[in-house]
Undergrad: 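To start, I am sharing the structure in question, which I have written as structure tokens.
What you are looking at is a predicted structure, and each value in this text was computed from that prediction instead of being measured.
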Amino acid sequence: IASLAFIGSTKVANILKKQHPMPNRLRCVLGMGAKNPAIVLQDADLDLTVSQCVTGALSFNGQRCTALKILFVHKRLAERFVERLAEAVDALPFGMPWEPDVKLTPLPEPDKVQRLAAWVEEARKKGARVANHYGGLSNGSFFFPAVVYPTPKGTALYEHEQFGPLVPVAPFEGPAPHPRPYFFFAGRLEPIKGVDDLIEVFDGVAGPDLVIAGAGTLDAPLRARAAGRPRVHFLGRLPSDRLAPYYRHALASLVPSKGF
């Protein structure tokens, strides 16, 4: 045998390779352990996204190499998304494979239900919950799909391919808006604010940047004063939705003032 093509687990692939008399010379085409993600952004169409995620995660009971194995959802949308997803999953009809319009059926492996239940329990112990009413209910080899949220990092359900009817959901915030640690000021750039003194004081602070958002009569003089100071950054005037991530990721929000 000159080449091995295999879809399955890493463990079984290694067992098969070792059967070859010269396993290091065996050419392999392997597909295994896929943790295919869906990434749901904050401006997603909820109706369309929920429908696509249900189909992607649970057609053929999720036992497809191409199934969605984890859903990363923007934090601003996550709660609404999970609520809608849970309702859609609970509405799926179940039964035997030969019955008409059935979407969920028993699983072919005798120990699969116990393994799925153990993964759900591990996630629960680390802070997750089953979001849908029927999630995790089982009878024989049938396991009703469980929407698990928020799925913690480090759990089997977050890290490994479940190959079955589990739908882990994990929230994300997106990247920090500034590439380095920073202190943040937002407001009008006027003498009473004391931002001019802030720049001078900041020269003695080692490490983080100073990020300034705002506009006013001191805009041009402050930029001139900050020339040659690579850790001072001006953003100009920003709308409130763009300010929010700067506040969230800052080491601290600075509120200087000057008395007269």
Side-chain angles (χ1 to χ4, degrees), residues 9 33-97 99 101-109 111-174:
S9 69
K35 195 68 176 175
N36 311 319
I39 301 174
V40 181
L41 304 180
Q42 59 183 319
D43 59 350
D45 180 316
L46 266 183
D47 290 334
L48 176 63
T49 305
V50 167
S51 173
Q52 291 294 308
C53 285
V54 169
T55 301
L58 293 175
S59 59
F60 297 96
N61 289 324
Q63 295 194 306
R64 301 174 3 256
C65 296
T66 55
L68 295 177
K69 307 295 171 51
I70 188 166
L71 312 181
F72 293 107
V73 184
H74 195 280
K75 190 174 182 179
R76 291 188 182 182
L77 188 67
E79 291 290 344
R80 286 186 293 141
F81 174 84
V82 168
E83 181 180 355
R84 296 278 291 275
L85 180 67
E87 292 173 356
V89 171
D90 274 351
L92 293 173
F94 57 90
M96 301 307 291
E99 295 177 336
D101 301 322
V102 162
K103 300 296 184 183
L104 305 170
T105 63
L107 303 171
E109 305 103 313
D111 62 342
K112 190 71 174 184
V113 168
Q114 290 76 17
R115 197 183 330 155
L116 295 175
W119 283 21
V120 171
E121 186 58 27
E122 181 200 18
R124 272 177 164 164
K125 288 179 178 179
K126 295 186 177 181
R129 62 184 173 88
V130 175
N132 56 317
H133 182 70
Y134 302 122
L137 296 180
S138 63
N139 183 20
S141 63
F142 178 79
F143 185 93
F144 200 93
V147 177
V148 182
Y149 173 80
T151 304
K153 291 182 180 180
T155 59
L157 187 53
Y158 189 100
E159 304 289 345
H160 302 292
E161 182 184 22
Q162 63 270 37
F163 205 73
L166 292 180
V167 188
V169 181
F172 73 91
E173 282 193 274

Undergrad: Could you please spell out the steps behind the side chain to side chain contact (heavy atoms under 4.5 Å, CB included) verdict for Leu157 and Gln162?
TA: CA-CA 7 Å; Leu157 187 53; Gln162 63 270 37; 4.3 Å; yes
Undergrad: So if I apply the side chain to side chain contact (heavy atoms under 4.5 Å, CB included) rule between Leu92 and each of Leu104, Val102, Asn132, which one comes out positive?
TA: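 With Leu92 as partner, Leu104, Val102, Asn132 yield a single side chain to side chain contact (heavy atoms under 4.5 Å, CB included), made by Leu104.
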Undergrad: I need the minimum non-hydrogen distance between Pro171 and Ala78, along with the two atoms involved.
TA: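 Of all heavy-atom pairs spanning Pro171 and Ala78, the closest is CB-CB, 4.2 Å.
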Undergrad: Between atom CG of Leu46 and atom SG of Cys53, what is the distance when rounded to the nearest 0.5 Å?
TA: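 Going from the CG atom of Leu46 to the SG atom of Cys53 covers 10.0 Å.
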Undergrad: Look at the side chain of Asp45 and the backbone N and O of Leu48, then say whether any donor-acceptor pair between them is shorter than 3.5 Å.
TA: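 Yes; judged by distance alone, with no hydrogens or angles, the pair exists.
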Undergrad: Check whether the ring centres of Tyr134 and Phe144 lie less than 6.0 Å apart, and answer yes or no.
TA: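 Yes, they do, as the ring centres are separated by less than 6.0 Å.
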Undergrad: Does Arg80 form a side chain to side chain contact (heavy atoms under 4.5 Å, CB included) with Leu77? I'd like the steps, not just the answer.
TA: CA-CA 6 Å; Arg80 286 186 293 141; Leu77 188 67; 3.2 Å; yes
Undergrad: Is the CG atom of Asn139 crowded by more than 12 outside heavy atoms at less than 6.0 Å?
TA: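 It does not: Asn139 CG has 12 such atoms or fewer within range.
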Undergrad: Distance from Glu173 atom CD to His74 atom NE2, nearest 0.5 Å?
TA: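 Going from the CD atom of Glu173 to the NE2 atom of His74 covers 7.5 Å.
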Undergrad: Tell me, yes or no, whether the heavy-atom count around Lys75 atom NZ, taken from other residues, nucleotides or ligands under 6.0 Å, exceeds 12.
TA: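 No, NZ of Lys75 has 12 or fewer neighbouring heavy atoms, counting only those of other groups under 6.0 Å.
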Undergrad: Within the side chain of Asn61, is there an N or O that forms a donor-acceptor pair under 3.5 Å with the backbone of Thr105?
TA: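 Answer holds: yes.
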Undergrad: Of all the heavy-atom pairs spanning Phe143 and Val120, show the shortest one and how long it is.
TA: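 Between these two residues, the closest heavy atoms are CZ-CG2, 4.5 Å.
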Undergrad: Is there a donor-acceptor contact under 3.5 Å from the side chain of Glu159 to the main chain of Gly154?
TA: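 Side chain of Glu159 to backbone of Gly154, a donor-acceptor pair under 3.5 Å: yes, one is there.
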Undergrad: Looking at residues at least two apart in the chain, or sitting in another chain, which of them share a side chain to side chain contact (heavy atoms under 4.5 Å, CB included) with Glu121?
TA: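 Expected list: Arg124, Lys125.
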Undergrad: Quick check for you: to the nearest 0.5 Å, what is the distance between Gln52 atom CD and Leu71 atom CG?
TA: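 Answer rounded to 0.5 Å: 12.0 Å.
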Undergrad: Could you tell me which non-hydrogen atom of Pro165 sits nearest to which non-hydrogen atom of Leu116, and how far apart they are?
TA: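 Looking at all heavy atoms of both residues, the shortest contact is CD-CD1, 3.6 Å.
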Undergrad: If you round to the nearest 0.5 Å, how far is CD of Glu122 from OH of Tyr158?
TA: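 Tyr158 atom OH to Glu122 atom CD measures 13.5 Å (nearest 0.5 Å).
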Undergrad: List the atom of Arg76, the atom of Gln42, and the distance in Å for their closest heavy-atom pair.
TA: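 Distance-wise, the nearest heavy atoms are CD-OE1, 3.2 Å.
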Undergrad: Go through Glu79 and Glu83 one step at a time and tell me if the side chain to side chain contact (heavy atoms under 4.5 Å, CB included) criterion holds.
TA: CA-CA 6 Å; Glu79 291 290 344; Glu83 181 180 355; over 6 Å; no
Undergrad: Between Asn36 (side chain only) and Cys65 (backbone N and O only), is there a donor and an acceptor less than 3.5 Å apart?
TA: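 Yes: the side chain of Asn36 pairs with the backbone of Cys65.
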Undergrad: Quick one: side chains of residues 145-153, donor-acceptor pairs under 3.5 Å with protein atoms, not counting sequence neighbours, listed by atom name and distance.
TA:
from   : atom 1 : to     : atom 2 : distance (Å)
Thr151 : OG1    : Val148 : O      : 2.9
Thr151 : OG1    : Val169 : N      : 3.3
Thr151 : OG1    : Val169 : O      : 3.4

Undergrad: Just jot down the ring pair (Phe, Tyr, Trp, His ring centres under 6.0 Å) partners of Phe60, sequence neighbours excluded, or say none.
TA: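 Expected list: none.
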Undergrad: Does Lys112 reach the main-chain N or O of Phe163 with its side chain, forming a donor-acceptor pair under 3.5 Å?
TA: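 Present.
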Undergrad: Hey, is Lys69 close enough to Glu161 for a salt bridge, meaning N to O under 4.0 Å?
TA: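 Glu161 and Lys69: salt-bridged.
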Undergrad: Start with the C-alpha distance between Phe81 and Thr49, add both sets of side-chain angles, then the distance that settles side chain to side chain contact (heavy atoms under 4.5 Å, CB included), and finish with yes or no.
TA: CA-CA 9 Å; Phe81 174 84; Thr49 305; 3.8 Å; yes
